[in-house]
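A short write-up of the structure that comes next.
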Protein chains: 2
Amino acid sequence: MELDSRKLQILRAIVDEYILSASPVGSKSLSQSSDMKWSSATIRNEMADLEVLGYLAQPHTSAGRIPSEKAYRLYVDRMMRRAHLSDEESKLLMGYFREHVNGMDAVLRSTAKALSEITHYTAVVLMPDIGVNRLKHLQLIPLVEGKALAVVVTDAGVSQNSVIDIPFDMGPEELDRISKAITNRFGGCRMSTVSSELVRELGGDLACRADFVETLLTSLCENQAKDRRMVELSGATNMLEFPEYSDVNKAKTFLATVEQRDSMYRMLKKASNMEFTVTIGSENEQEGLQDCSVVTASYRVNGQPFGSFGVIGPTRMDYARVLSILSNVQSNLGTILQSYLKEE
Amino acid sequence: MELDSRKLQILRAIVDEYILSASPVGSKSLSQSSDMKWSSATIRNEMADLEVLGYLAQPHTSAGRIPSEKAYRLYVDRMMRRAHLSDEESKLLMGYFREHVNGMDAVLRSTAKALSEITHYTAVVLMPDIGVNRLKHLQLIPLVEGKALAVVVTDAGVSQNSVIDIPFDMGPEELDRISKAITNRFGGCRMSTVSSELVRELGGDLACRADFVETLLTSLCENQAKDRRMVELSGATNMLEFPEYSDVNKAKTFLATVEQRDSMYRMLKKASNMEFTVTIGSENEQEGLQDCSVVTASYRVNGQPFGSFGVIGPTRMDYARVLSILSNVQSNLGTILQSYLKEE
DNA sequence: ATTAGCACTCGAACAAACGGAGTGCTAAAC
DNA sequence: GTTTAGCACTCCGTTTGTTCGAGTGCTAAT
């Protein structure tokens with residue numbers, strides 16, 4: 001038994017309908033909808049075939065059919081009509097970006113908000129990893145005795161604060177001197193390539209503080225890696241709008257899952273190498289997203305992969321629409337981030 | 001009709017029981033519970049009186065009674081036995097603070113987390129306002145042409161980053177010079193007291209950049225005021241555990257409300273002047289918290305009011321327990337924050 | 001003043017009845 | 001040989017009815 005054109009058309013119609021209504025689609029109602037050229041009986045027969053082939057499932061006898069994950073897969077890969085954003089929508093989208101011109105972090109947070117508000121699903125954005133970026137400026141600022149604030153600016157414009165321990169005999173002037181020395185020596189290097197040898201090779205009073213400097217630089221990288229704020233989450237509660245989550249327990253599980261920054265981080269990190277990904281239901285590795293689908297896109301600046309962002313919704317999400325929104329955001333983001341690095 | 005001792009005892013028992021069970025308390029079950037010296041009939045009569053007096057309400061005839069807001073008010077003001085934290089609990093609480101010694105912001109975020117995890121309610125923490133604090137260090141760090149990152153450190157240890165516009169002809173050296181000049185001149189002054197006259201009175205090349213410096217300083221204050229991250233929220237989804245929120249719509253409303261940083265900010269700001277506040281049900285001004293109660297405490301450092309924090313829970317929250325946790329946190333916080341300012 | 005007893009009330013929980021939407025199958029129509 | 005109309009059947013969701021238990025108010029006895 002093969003998937004002939006009629007089966008495909010019917011399957012697509014079922015998926016389209018189910019994405020809208022969230023309730024099982026029956027042969028009769030389907031045959032009444034416009035541009036359905038066949039009677040309910042024919043559709044019934046085809047539906048039975050599609051069920052044997054694994055594309056449809058029946059919640060129970062005498063209910064309509066709902067698409068299986070296999071059907072969504074097929075839909076996404078071969079059947080989906082690429083949605084087209086209306087002018088209004090793309091203007092709306094642009095609006096979010098115009099609002100914030102204040103720093104890369106703000107732009108990415110804004111992105112998360114835009115995505116969640118426009119799609120009505122949940123959005124996650126992976127903040128760029130500091131390790132691959134090049135150091136541009138390091139400034140140590142004295143706080144209290146034994147502690148200082150380290151501010152790192154990279155070519156990506158990402159800045160990061162962390163409180164670090166400093167030797168007690170290190171005064172404000174020395175902090176400033178070290179800041180300048182590091183900025184001069186390592187400006188332009190990748191954050192992750194600074195090793196103790198490189199530090200020792202420096203002359204002057206920096207040499208005798210070599211251990212401190214090395215600890216400082218590695219701890220900055222580690223700090224960043226552990227910093228859970230690398231994933232920006234927005235619109236988690238949007239999911240409560242969907243009948244899929246009218247059960248409070250399901251909602252609770254979902255919210256608990258997406259609020260685990262760690263697993264969101266892993267998910268987005270893995271997706272940073274791919275232009276787009278669509279992960280449907282149980283294809284998700286994350287426990288707790290098995291009833292959801294995740295669509296991600298990655299963003300690049302000057303060809304360098306920077307990070308990724310995605311939308312999480314119910315399995316019956318509107319893939320076509322989400323994909324076109326993501327692709328729109330992807331290019332917007334590319335342009336805007338580029339402008340932060342223009343002098344490179 | 002007066003509230004004699006017996007009525008008070010019965011009322012307290014009802015409130016205690018309802019806080020635990022969340023379901024209407026009947027005369028019979030109450031009379032069977034330990035240390036109830038009266039028969040169900042007597043309790044019934046008293047309950048009827050208490051209902052007339054407005055302390056109890058009946059969801060419907062032939063159901064038990066539930067406490068009214070008036071009853072909670074009385075309970076909190078006059079009847080509540082102050083709960084005592086077990087050693088385990090207070091150790092647990094201390095643990096949260098020991099974890100993070102990294103900066104004041106981290107401590108306060110940690111506080112929010114501790115509060116929500118230990119109470120199982122929702123916690124909010126107001127970050128200290130930068131305006132009343134004294135400037136300790138200002139550092140301008142070049143980003144791209146025309147933009148710089150301003151990092152402010154105050155005596156409170158609060159640091160704040162914002163991206164600012166700078167004149168195009170201002171190079172890294174000048175930024176550094178200005179940073180030092182401002183730090184020298186205004187170190188120790190309140191952020192909000194820097195006026196244009198003070199700026200002009202400075203000699204040297206700072207004078208010709210007076211406009212810039214003034215704009216800079218005021219915009220830093222404004223930025224902070226607008227920055228919505230001044231309120232740290234934690235454990236909002238804890239509320240889904242309670243039967244009060246087994247209806248998804250109620251849950252949605254609640255979540256939407258507490259995620260509005262603005263209104264949480266107003267609420268906590270108002271509470272910063274009070275040692276403790278307990279706001280019950282409709283006493284809340286915030287639309288959407290009318291079915292909740294909010295308990296707050298303020299924290300001070302060196303007698304200076306700094307900010308406040310609070311717990312939001314269902315009206316039947318365990319006030320005694322929450323209050324003793326808050327008071328514990330209050331003193332912990334005082335001690336820890338003090339240590340950040342010890343060299344003052 | 002307190003309490004035992006009783007008739008009454010109401011909601012939650014369970015069961016039976018019903019209607020609707022859907023199905024599979026068969027036989028007629030194209 | 002497809003396609004479709006028709007029919008009997010299934011099963012869910014809703015409604016209706018019934019029971020059960022916990023609670024109440026009132027009265028009379030303690």
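For the numbers below, each heavy atom of this structure counts, side chains included, while hydrogens, waters and symmetry mates do not. Lettering of chains follows the sequences in order, A, B, ..., and the numbering in each one begins at 1. Keep in mind that what you see is a predicted model, and the values were worked out from it rather than measured.
- The CG atom of A/Asp49 sits 13 Å away from the C1' atom of D/dT2 (whole-angstrom rounding).
- Relative to the six-membered ring of B/Tyr55, B/Lys70 meets both conditions, a distance below 6.0 Å and an angle of at most 45° to the axis.
- Whole-Å rounding puts the B/Lys28 NZ to C/dG5 P distance at 11 Å.
- The listed nucleotides are C/dG22, C/dT3, D/dT4; the one nearest the side chain of A/Thr42 is D/dT4.
- For A/His60, the side-chain atoms get nearest to D/dC12 when compared with the rest of C/dT2, D/dC12, D/dT3.
- Distance A/Met47 CE to D/dT4 P: 15 Å, rounded to the nearest Å.
- Between the side chains of A/Ser327 and A/Ser324, no donor N or O sits under 3.5 Å from an acceptor N or O.
- For A/Gln58 (side chain) and A/Ala63 (main-chain N/O), a donor-acceptor pair under 3.5 Å exists by modelled atom type.
- Using a 4.5 Å cut-off on side-chain heavy atoms (C-beta onward), B/Arg78 and B/Leu8 make contact.
- The nearest whole Å value for the distance from the NZ atom in B/Lys37 to the P atom in C/dT2 is 12 Å.
- Separating the CZ atom of B/Arg44 from the C1' atom of C/dG5 is a distance of 10 Å, rounded to the nearest angstrom.
- Of the candidates C/dC10, C/dG24, D/dC11, C/dC10 carries the atom nearest the B/Ser62 side chain, counting heavy atoms from C-beta on.
- Near DNA chain D, meaning a heavy atom under 4.0 Å from it, residues 13-24 of chain A has no residue at all.
- Positionally, the nearest nucleotide of DNA chain C for B/Ala41 lies more toward the 5' end than for the other of B/Ala41 and A/Ala63.
- When rounded to the nearest whole Å, the span between CG of B/Leu56 and P of D/dT24 equals 10 Å.
- Side chains of A/Tyr96 and A/Glu117: a donor on one and an acceptor on the other come within 3.5 Å.
- In this entry the distance linking CD1 of B/Ile43 with P of C/dA4 reads 11 Å, nearest Å.
- Here the closest heavy-atom approach between residue B/Thr257 and residue B/Met264 is recorded as O-CE, 4.1 Å.
- Contact annotation: B/Arg65 side-chain N/O to D/dT24 OP1/OP2 distance is under 4.0 Å.
- You'll find that the side chain of B/Ser29 is closest to D/dG23, out of D/dT10, D/dG23, D/dG25.
- Taking atom CD of residue B/Gln58 and atom P of nucleotide C/dT9, one finds them 14 Å apart after rounding to whole Å.
- In terms of position on DNA chain C, the residue among B/Thr61 and B/Ser40 whose nearest nucleotide sits closer to the 5' end is B/Ser40.
- Listed for the B/Ser298 side chain is a donor-acceptor partner under 3.5 Å among the backbone atoms of B/Met274.
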